[in-house]
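Have a look at the structure below, then the notes.
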Amino acid sequence: MSLTVQVDRPIKNVAEDMFDRASFAKQVAETISRRGDPSSLVIGIYGPWGDGKTSTLAMVKEYLEPRADVLSMDYNPWFYGDSTEAITRSFFQSIKNKLEKSGWFSKENIGEIMATYGKAIPQVGDALQGVGEAITTEALVETRDKVGGILRKYGKKIVIFIDDIDRLDRRDIQTLFKLVRLSGDFDHTTYVLAFDDVIVSEALGEAYGTGDPLAGRRFLEKIVQVPLHLPPARSDKLRDLMFAACDRVIAESGIKLSESDGPELGHALIEAFGAALRTPRRVKLFDNAISFAVPILKGEVRVVDQIQIEALRVFYPTVYDAVRANPDHVLKSQGRRQMQGNNDISMISVSIDKLEAGDREKEAIRYFLNNLFPRIGQVEYGEGWDEIWANEKRICSADYFRRYFTYAIPTGDMPDRAIDALLEQASACDEEGVGAALDDAFEKNSAEILIRKLRRHEVTLALTAAPTLSLALAKRASKIPVSRDIIFGTFVFSQAAIFICQLAFRMEAAEQDAIIADAAEHSDSLSFISELLRWSRVRTTEHADRGFLTPERRHPIAAILAKRFFEASDKSNLIECAEDRFGELVFAILRDGDEATRQLILDRLSTFLEAESKNAILLLKGLGGRSQGGDGVIRPSEFTTETYQSLSKILDPDRVYAQLRAVYGAELDAVTWEENWGGTYDVDRRIANQFSFVHRQSGQEAGTDQ
């Protein structure tokens, strides 16, 4: 895709006039051409940067072009050196060259006369104390009069256009106005100067008079006889130019807006930035900004939001910087900010207050930001909106906010284009392509964002893609990151299983059974199979029915888990093959398996217990669960009466106790139950002591009952 950037280039002729300045330019040209007074004239065309002064000069020159008695020439001091002498010499050399090329004065050698005049200027110019001083050097007066006489003799008029004066540094501005004053007395010579009068007044005021802008403006009035302020560009024309830029960029990028997107964008741009549409240059900057940003992030953000934030960057850059630097303020609700102690005045509000704008304009910006970031306002938006905004790729989504400011996909994130490509591959049953895409995301530590984005498609994804995608995920489940954190460590892992179950939920019963069984049969993680059982199980949560697998339909999945579990244990042992998820697997099989499957796991546990005395401790730790203390350390849970009663249904407690005594001896007969063993202790011994104490207490209670 080609990137079209609107170069800030002035128009070349009247036909390109978009802001109705042609009539103004024509009047200036007629004033120059019809003027009968032979004395020199200095016309000033005033306007801020980017207001179209250069374009207006082009139209003035076009209107003067048919006049045979007018010789127009340009002098742009910006092109020459930054020293007083360089500007002075280049100024008169430019006039000399133009006069000689005209062929009007070939017999008079007027060019050389003008060059001689210019050579003498630096010697006098540096001696002048003020711009308004008169020329007193006899040689200069004589030379000036000679040039004027030639112009009168031939009845010709010279018009010298000087642009970009306000781009010079202050010293060069002062030099240029000295030159205009010293050469401004030539008969039949008109200077048309275009500049920002505020900037020039400040520069002149710094050198002359009292040193303030007012003094500079007084000196300016001594030089410019006809000060003209450029007519302001029509706001409706600037608005149309802005909308045309949006239409062009959206069309070139191949983006289609919904029926509501267009009106929303148009309303936001006019309401928020209508007061800032002051110059054509600012609109062209906006055009260039969206021409750069929109193609880069096509498909990765909401284009309506992107254009709006780019408009904020162009028209109110300080507010844009404040928004970019304060994501928490714009993304979190007021209540959540207050809970986190962030009650200070927002830097965004401060940036708006500091704008050189009226109250109405400032209020429009606040309203604009409230629409772009709903949580800035007083209305509370619950967590459910996070998913809605993320699905729409809104700038108010924490998942997408950074993209709008970096013009790239942040590290750890995943391009939406990549997600779309993955889903297309899944729809085409391209298991190899889907697998490669998943592997790439996992290697880049993007598993969390990948699965979160996949879940946004679980309701709309074509079911033809479900088997391929589910199988590919299950085969790589072990690559999904799981941290040691008890509460949140398996969050992403669980979300992957939920995604598969949600896809299956939309299918017919036979297809549901098949997709879950296929994922369980081929998964490279036993724990992932238990997660599939967990999230596909029929249940009621939050007053809503969840899942789809009834107990009878879960039996085959549990049988697959048991078979896979036993196969893995044959290569190591029952505990090691499951690592710290041993208890989870055992209870999943016991909960969801049929009678035969449950008996198989019970037999395996009994055999493992009898194999070695130390296995009793391994079983107690694996089946007793884990807990995370305030210090963040994960340890085996305390062995309570409730834990004992639960395990007694799985293992013979007498056999467990006998195996423990074989390791620790008869001293277990007299131990007490202690909860806190201090900073350093023998975990195995603590578990053995706690189990033994509870076991003795249970035996005594049983004897009493008898």
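For reference, positions follow the sequence shown, starting with 1.
- Contact annotation: the side chain of I529 never approaches that of L585 to less than 4.5 Å [non-hydrogen atoms, C-beta and beyond].
- With hydrogens and angles ignored, the 3.5 Å screen pairs no side-chain donor or acceptor of S606 with any backbone N or O of D603.
- Ion pairing of D416 with R456 is absent here, as no side-chain N (NZ or NE/NH1/NH2) approaches a carboxylate O to less than 4.0 Å.
- In F505, the CZ atom is not crowded: 12 or fewer heavy atoms of neighbouring residues, nucleotides or ligands sit closer than 6.0 Å.
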For this session: Would you please test R696 and V671 for side chain to side chain contact (heavy atoms under 4.5 Å, CB included) and show each step?
Result: CA-CA 10 Å; R696 291 202 324 271; V671 294; 3.8 Å; yes

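- Looking at every heavy atom in both residues, I687 comes nearest to S637 through CD1-O, 3.7 Å.
- Listed here is the closest heavy atom pair of C501 and F548: O-CE2, 3.3 Å.
- Between A472 and V434, the shortest heavy-atom distance links the atoms CB-CG1, 3.7 Å.
- Remark: side-chain polar atoms of D524 are paired, donor with acceptor, to backbone N or O of A477 under 3.5 angstrom.
- For the residue pair I419 and H457, the shortest heavy atom distance occurs at CG2-NE2, 4.0 Å.
- We find that D413 and K453 are joined by a salt bridge, their nearest charged nitrogen and carboxylate oxygen being less than 4.0 Å apart.
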For this session: For D513 and L549, run side chain to side chain contact (heavy atoms under 4.5 Å, CB included): C-alpha distance rounded to whole Å, both residues' side-chain angles, the deciding distance at 0.1 Å, then the answer.
Result: CA-CA 8 Å; D513 294 343; L549 286 185; 3.2 Å; yes

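- You'll find the ring centres of Y404 and Y400 outside the 6.0 Å limit.
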For this session: Report the C-alpha distance between R452 and D386 in whole Å, list the side-chain angles of each, state the deciding distance to 0.1 Å, and finish with yes or no for salt bridge (charged side-chain N to carboxylate O under 4.0 Å, His left out).
Result: CA-CA 12 Å; R452 188 160 71 244; D386 292 331; over 6 Å; no

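- Considering every non-hydrogen atom in both E584 and S527, the closest pair reads OE2-O, 3.7 Å.
- Atoms CZ and CG, on R581 and L526 in that order, are 10.0 Å from each other to the nearest 0.5 Å.
- Going from atom CZ of F373 over to atom CH2 of W389 covers 11.0 Å, rounded to the nearest 0.5 Å.
- With hydrogens and angles disregarded, a donor-acceptor distance shorter than 3.5 Å links the side chain of R553 to the backbone of A509.
- Side-chain atoms of S525 never come within 3.5 Å of backbone atoms of S478 as a donor-acceptor pair (strictly under, hydrogens ignored).
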Problem set entry | Steps toward salt bridge (charged side-chain N to carboxylate O under 4.0 Å, His left out) verdict (D592, R534) | CA-CA 9 Å; D592 296 320; R534 174 188 177 190; over 6 Å; no

Problem set entry | side chain to side chain contact (heavy atoms under 4.5 Å, CB included) evaluation trace for T643 with L623 | CA-CA 9 Å; T643 309; L623 296 173; over 6 Å; no

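- With respect to F691, the ring pair (Phe, Tyr, Trp, His ring centres under 6.0 Å) criterion is satisfied by exactly one of Y664, F639, W673: F639.
- Judged by distance alone, with hydrogens and angles left aside, the side-chain atoms of Q690 form a donor-acceptor pair with the main-chain N or O of E674 at under 3.5 Å.
- In this structure, the separation between CG on L532 and CD1 on I516 is 5.0 Å, given to the nearest 0.5 Å.
- A salt bridge (Lys or Arg N to Asp or Glu O under 4.0 Å) with E300 holds for exactly one of R403, K393, R402; it is R403.
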Exercise. Taking it one step at a time, do D594 and T597 satisfy side-chain hydrogen bond (donor to acceptor under 3.5 Å, both in side chains)?
Worked result: CA-CA 5 Å; D594 58 16; T597 301; 2.8 Å; yes

For this session: Evaluate the salt bridge (charged side-chain N to carboxylate O under 4.0 Å, His left out) criterion for residues D570 and R604: first the C-alpha distance (whole Å), next the side-chain angles of each, then the deciding distance (0.1 Å), finally the verdict.
Result: CA-CA 11 Å; D570 290 341; R604 284 275 182 158; 3.1 Å; yes

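- Ion pairing of R417 with D420 is absent here, as no side-chain N (NZ or NE/NH1/NH2) approaches a carboxylate O to less than 4.0 Å.
- Checked by atom type, the side-chain pair E576/N573 shows a donor-acceptor distance below 3.5 Å.
- Ionic pairing of D261 and R302 is present here: one or more N-O contacts between side-chain nitrogen and carboxylate oxygen are shorter than 4.0 angstrom.
- Atom CG of L461 and atom CG of L423 lie 5.5 Å apart (nearest 0.5 Å).
- Atom CG of L463 and atom CD of E511 lie 7.5 Å apart (nearest 0.5 Å).
- Distance check, rounded to the nearest 0.5 Å: CG of L473 to CG of L454 gives 6.5 Å.
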For this session: List the steps and the verdict of side chain to side chain contact (heavy atoms under 4.5 Å, CB included) for L503 and S470.
Result: CA-CA 8 Å; L503 291 179; S470 298; 4.0 Å; yes

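- Using a 4.0 Å cut-off between charged nitrogen and carboxylate oxygen, R661 and D669 count as a salt-bridge pair.
- If you check the side chains of E638 and T640, you find no donor sitting under 3.5 Å from an acceptor.
- Using modelled atom types, one finds a donor on one side chain and an acceptor on the other under 3.5 Å when comparing S258 with S260.
- Not one N or O on the side chain of E310 forms a donor-acceptor pair closer than 3.5 Å with the backbone of Q306.
- No donor-acceptor pair under 3.5 Å is formed between the side chain of R546 and the backbone N or O of R539.
- Between A504 and Q512, the shortest heavy-atom contact is O-CG, 2.9 Å.
- Taking a 6.0 Å sphere around CD of E387, one finds it holds 12 or fewer heavy atoms contributed by other residues, nucleotides or ligands.
- A donor-acceptor pair under 3.5 Å is absent between the side-chain atoms of W535 and the main chain of F499, judged by distance alone.
- Remark: side-chain polar atoms of D305 are paired, donor with acceptor, to backbone N or O of I395 under 3.5 angstrom.
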